Q: 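Shown below is the structure under consideration.
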Number of protein chains: 2
Amino acid sequence: MKSIDKAMSALRLLVDSGGELRVGETSRHLKMTRGNASRLLASLARGGLLEQDPVTQRYRAGILSVEIAASFHRNFDLVEEARKEMEELARQTEHTVWLGVPSGTEVLVLKTVRGPQPIQFAVEPGHRLPAHAAAMGKALLALKSDQEIRALFSADPESLTTQTKTSIDELLRDIAMTRMRGYAVSNQELFEGVKAISVGFEDPQKSMGVAISVSYPLFSIEKTGDQPIIDALLMFARSFGTRIGDKRWVL
Amino acid sequence: MKSIDKAMSALRLLVDSGGELRVGETSRHLKMTRGNASRLLASLARGGLLEQDPVTQRYRAGILSVEIAASFHRNFDLVEEARKEMEELARQTEHTVWLGVPSGTEVLVLKTVRGPQPIQFAVEPGHRLPAHAAAMGKALLALKSDQEIRALFSADPESLTTQTKTSIDELLRDIAMTRMRGYAVSNQELFEGVKAISVGFEDPQKSMGVAISVSYPLFSIEKTGDQPIIDALLMFARSFGTRIGDKRWVL
DNA sequence: CAACATGTTGTATATTATGCAACATTCAAA
DNA sequence: TTTGAATGTTGCATAATATACAACATGTTG
């Protein structure tokens, strides 16, 4: 069904270009005439999946997308199952707790639970983080073989901070350490001043990985160090891995 | 673009039938053969908007839907603008704070902020509530004229609890009271034992309504009564209505 | 086991998505 | 302001594709 495939490509383009699409832009990327791109986007908007800004004429995500995503979360039991334990973990550590799944060389954030403190480092669900720099990403990569990881990264990973690992070999060494340690660490590799640790789970039936992480600003652990947070995360991991039953905790 | 219109209908059907679609079901509702429905859903799954359960063969929402919805929230500034103040309101009242927009005779929940207490009455964003029974729904209906409301409800509103208003006349009397009071009340009309109050805002430019509500179990106000929550909500409303500037606080 | 649903795939045909062109707007530079 | 280019939309003939029908494999139910 080719016209639907094109619609999917347009939606992917929307996500990748930051949430706004213009007709001309779409026509160029999907190699169709402006006229047909116009008709395509208009149809998507007619259904409510997109909506067109009456002023700028740009297309954005519509309300239907929120409704579909809600049914995703309802079906993806894991998110709801994990919610309470994530809230407990956020309470214990006083920091933001994340849940993410792999998406190519990125991590798709499915849920965030903010800690009790007013200022928290977090994004809304649906955002994607670069896997090589995020703790969740490295925890998920650690579930794969080195060979698979090399195949995934065609180019060298992008540098985001001075701490980011920018070569695949360097990344693989870090991931080997992650496997030994049992948890992944991102020390300011994604954002300056922010550390995060993460454990990865694997659902053998769906052959899908899930990661849970805790992120925290450096200054918050000046006195206590990382250990209390690591302990809390590992305790969470043991409880979560067994409680879910058919979801196996791998690391 | 007819095939895209059909895809939109299928997605709408997915949402309305609770998050799972079967090929046969789709073919019947959209009046197409099973073969073509199979091809349609397979295309949507190829793009990641849906995914097919390998065991049951049923189609569910896919990861792309979460990504699109995220870009919706990013663009719909209001949700992000409101987040901090909603968190403050949840802290003050110690109850769940909701943000919703109208969707026919229902309210689409765009955001929930849970109160600090462990057990909270809340749903995930994307769910829809019946407008005639939810406080947010009545706050939003109060922005419309009685004539518009009558046109919206073709049949009598559905009964959900013993308190639900099940005739349009009864509902209109309640909404008239809402307009006078400045806020809407749902006293166990949606769920037994749960009250909620709500105020509605209107964005004159987008000609779109937005409601904020606080929900709380009856037992939690045995000593204090509703007034503290009402005061907090109205203070929020003044702040929110003026702070946004171009969004007018209507009630 | 039989009768029945269900999901998928192949093929000829008829519907439809496409390319091209024209038009109205918008925007930037002259 | 004027000119020129870029943008979004619509109409139309044609080529591409979505469709109906059928057959098949695989559960499901009586």
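Sequence lines set the chain letters: A, B, ... in the order given, protein chains first and strands last, and positions in each chain run from 1. Quick caveat, the model's predicted, so the values are computed rather than measured.
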Q: Rounded to whole angstrom units, what separation is found between the CG atom of B:L40 and the C1' atom of D:dA18?
A: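 It works out to 11 Å between those atoms.
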Q: Round to the nearest Å and state the distance from B:R22 atom CZ to C:dA5 atom C1'.
A: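 Distance check: B:R22 CZ to C:dA5 C1' gives 10 Å.
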Q: CG of B:L41 versus C1' of C:dT9: gap in Å, rounded?
A: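 Value for this atom pair: 16 Å.
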Q: Do B:R128 and B:D16 meet the salt-bridge criterion of a basic N to acidic O distance under 4.0 Å?
A: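 Answer for the salt bridge query: yes.
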Q: Mind checking if A:R58 touches a base, just sugar-phosphate, or nothing, with heavy atoms under 4.0 Å?
A: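 The residue A:R58 makes no contact with any strand.
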Q: Relative to the 5' end of DNA chain D, which residue comes earlier, B:N36 or A:G35, by the nucleotide with the nearest heavy atom?
A: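 This one resolves to A:G35.
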Q: Would you indicate, yes or no, if C:dT16 has its OP1 or OP2 atom less than 4.0 angstrom from a side-chain nitrogen or oxygen of A:S3?
A: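 For C:dT16, OP1/OP2 do not have a side-chain N/O of A:S3 under 4.0 Å.
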Q: To the nearest Å, how far apart are A:Y59 OH and D:dT7 P?
A: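 Value for this atom pair: 15 Å.
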Q: In whole angstrom, what separates B:L44's CG from C:dT8's P?
A: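 Nearest whole value for this atom pair: 13 Å.
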Q: Considering just the side-chain nitrogens and oxygens of B:R34, establish if one lies under 4.0 Å of OP1 or OP2 belonging to D:dT19.
A: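 For D:dT19, OP1/OP2 do not have a side-chain N/O of B:R34 under 4.0 Å.
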Q: Does a sphere of radius 6.0 Å around CD in A:E158 hold more than 12 heavy atoms from other residues, nucleotides or ligands, not counting ones at 6.0 Å or beyond?
A: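 For A:E158, atom CD is not crowded (no more than 12 foreign heavy atoms under 6.0 Å).
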Q: What is the distance, rounded to the nearest whole Å, between atom CG of A:D5 and atom P of C:dT18?
A: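 For the pair A:D5 CG and C:dT18 P, the rounded distance is 11 Å.
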Q: Does C:dC27 have OP1 or OP2 sitting under 4.0 Å from an N or O in the side chain of A:Q57?
A: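 Answer is no, no contact under 4.0 Å.
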Q: Hey, is A:E88 close enough to A:K84 for a salt bridge, meaning N to O under 4.0 Å?
A: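 Salt bridge between A:E88 and A:K84, a charged N being under 4.0 Å from a carboxylate O: no.
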Q: So, is B:Q52 close to the C:dT6 phosphate, meaning a side-chain N or O under 4.0 Å from OP1 or OP2?
A: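 False: B:Q52 side-chain N/O out of range (4.0 Å or more) of C:dT6 OP1/OP2.
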Q: Atom CE of A:M32 and atom P of C:dG19: how far apart are they, to the nearest Å?
A: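 Interatomic distance, CE of A:M32 to P of C:dG19: 7 Å.
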Q: Please determine whether side chain to side chain contact (heavy atoms under 4.5 Å, CB included) holds for the pair A:L41 and A:Q52, giving the CA-CA distance in whole Å, both sets of side-chain angles, and the decisive distance to 0.1 Å.
A: CA-CA 9 Å; A:L41 295 177; A:Q52 188 179 26; over 6 Å; no
Q: Could you give the NZ-to-P distance, from A:K6 to D:dA18, as a whole number of Å?
A: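 Roughly 11 Å, once rounded to whole Å.
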Q: Using a cut-off of less than 4.0 Å, is there contact between a side-chain N or O of B:S38 and OP1 or OP2 of C:dT9?
A: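 No, because none of the side-chain N or O atoms of B:S38 sits under 4.0 Å from OP1 or OP2 of C:dT9.
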Q: Is A:R39 side chain donor-acceptor paired with the D:dG11 base, going by distance under 3.5 Å alone?
A: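 Between D:dG11 and A:R39, which were checked side chain against base, a qualifying N/O pair under 3.5 Å is present.
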Q: Any chance CD of A:E148 has more than 12 other-residue heavy atoms, nucleotides or ligands included, within less than 6.0 Å?
A: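 Yes, CD of A:E148 has more than 12 neighbouring heavy atoms, counting only those of other groups under 6.0 Å.
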